[in-house]
Amino acid sequence: MPEGITFVEMPPPDPQSSVGPGDEITSQNIPGRLGLPVWTADGRRAVTTAGHVATSVGSKVLKHAEVIGFVESTDYPAKRSKGEECADLAVIALHPRVWDAPLMVAAVKNGAEYDQLRVTTASADNHGWVRGCSERWVNTPTDGAWADVLISNRAISSPGDSGALVTDGGPNAIGHIVAGAVPAYSL
């Protein structure tokens, strides 16, 4: 070994992954999609999905078999008493090696009848308009209810799209997918 040269063994680098709205995920083998980037109460980077996709606080969230984060909080109708309202929303705290793609959302706004809708998925047929608004939507006779529901004019989502961000067709976020009935409507 030549004089003046020092060899230091270094660990291999961690892979850097990225996530963005509409990416396919699973949590405890339940499929869904990522929604709006947010921050946790203590300032960590996070992203939303539907609560019925990420049902257990602390559980791993995977994208293509890689852990991207852990469920920070969750709420969904089956967790609530009969008729009790909820948003069906989960927050996923991102792993430090995972970065979130920038999202160009101008604002979060309330949707209304006739608003344009666009779901952030790879589907080419992911747009429609708001046919109606409901203060509550009950899916089963024993669970809680979704609150402030927009009903699309046709199915703009597919099974497994729960949690995907919905915009007004432009830069404003107005919700996320929680359910639907192909080909009739999405909620």
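Side chains included, hydrogens not; waters and symmetry mates left out as well; all remaining heavy atoms used.
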Exam field: side chain D88 to backbone G51, donor-acceptor pair closer than 3.5 Å: yes
Test item: R154 and P183 side chains (from C-beta on) under 4.5 Å apart, heavy atoms: no
Salt-bridge contact R136-D148 (side-chain N to carboxylate O under 4.0 Å): no
Candidate list V105, V47, V166, T167, test side chain to side chain contact (heavy atoms under 4.5 Å, CB included), partner L36, passing option: V105
Check: T55 and Y76 side chains under 4.5 Å, non-hydrogen atoms: yes
Shortest non-hydrogen separation from G20 to L34 and the atoms involved: O-CB, 3.6 Å
Any side-chain heavy-atom pair of L187 and L150 under 4.5 Å: no
Exam field: side chain H95 to backbone F70, donor-acceptor pair closer than 3.5 Å: no
K79 side-chain N/O to T74 backbone N/O, donor-acceptor pair under 3.5 Å: yes
Worked check of side-chain hydrogen bond (donor to acceptor under 3.5 Å, both in side chains) between S27 and S59: CA-CA 7 Å; S27 182; S59 64; 3.2 Å; yes
Check: Y185 ring centroid to W129 ring centroid under 6.0 Å: no
Heavy-atom side-chain proximity of V61 to T26 below 4.5 angstrom: no
Student check: side-chain heavy atoms of E66 and S17 closer than 4.5 Å: yes
Stepwise side-chain hydrogen bond (donor to acceptor under 3.5 Å, both in side chains) test for T48 and H176: CA-CA 9 Å; T48 64; H176 64 265; 5.4 Å; no
Test item: S152 side-chain N/O and S186 main-chain N/O as donor-acceptor pair under 3.5 Å: yes
Over 12 non-hydrogen atoms of neighbours within 6.0 angstrom of NZ in K82: no
Polar side-chain atom of T49 near backbone of G163 as donor-acceptor pair, under 3.5 Å: no
I177 and V119, any side-chain heavy atoms less than 4.5 Å apart: yes
Shortest non-hydrogen contact between D23 and S18, atoms and distance: OD2-O, 4.1 Å
Nearest non-hydrogen partners of A181 and A155, listed with the distance: O-CB, 4.1 Å
V178 with W137, same ILVMFWY side-chain cluster at under 4.5 Å: yes
Check against side-chain contact (heavy atoms from CB on, under 4.5 Å), K63 and V19: CA-CA 8 Å; K63 176 184 170 186; V19 295; 4.0 Å; yes
Considering all heavy atoms, the nearest I156-G128 contact: CG2-N, 3.8 Å
Reported OG1-to-CG distance for the pair T121 and D161, which is rounded to 0.5 angstrom: 5.0 Å
Stepwise side-chain contact (heavy atoms from CB on, under 4.5 Å) check, I174 with V108: CA-CA 6 Å; I174 60 172; V108 176; over 6 Å; no
Check against side-chain contact (heavy atoms from CB on, under 4.5 Å), L94 and R45: CA-CA 6 Å; L94 294 174; R45 292 174 311 104; 3.6 Å; yes
Closest non-hydrogen atom pair, R131 against N153: NH2-O, 3.2 Å
Test item: S81 side-chain N/O and E84 main-chain N/O as donor-acceptor pair under 3.5 Å: no
Non-hydrogen side-chain atoms of S134 and I151 separated by less than 4.5 Å: yes
Closest contact, heavy atoms only, N110 versus D115: O-OD2, 4.2 Å
CA sep, side-chain torsions, deciding dist, call: D143, T140, side-chain hydrogen bond (donor to acceptor under 3.5 Å, both in side chains): CA-CA 6 Å; D143 290 346; T140 73; 3.1 Å; yes
Side-chain (T40) to main-chain (R44) donor-acceptor, under 3.5 angstrom: yes
Residues R118, D168; criterion salt bridge (charged side-chain N to carboxylate O under 4.0 Å, His left out); working and verdict: CA-CA 6 Å; R118 184 166 199 86; D168 62 359; over 6 Å; no
T120 backbone acceptor or donor facing R33 side chain under 3.5 Å: no
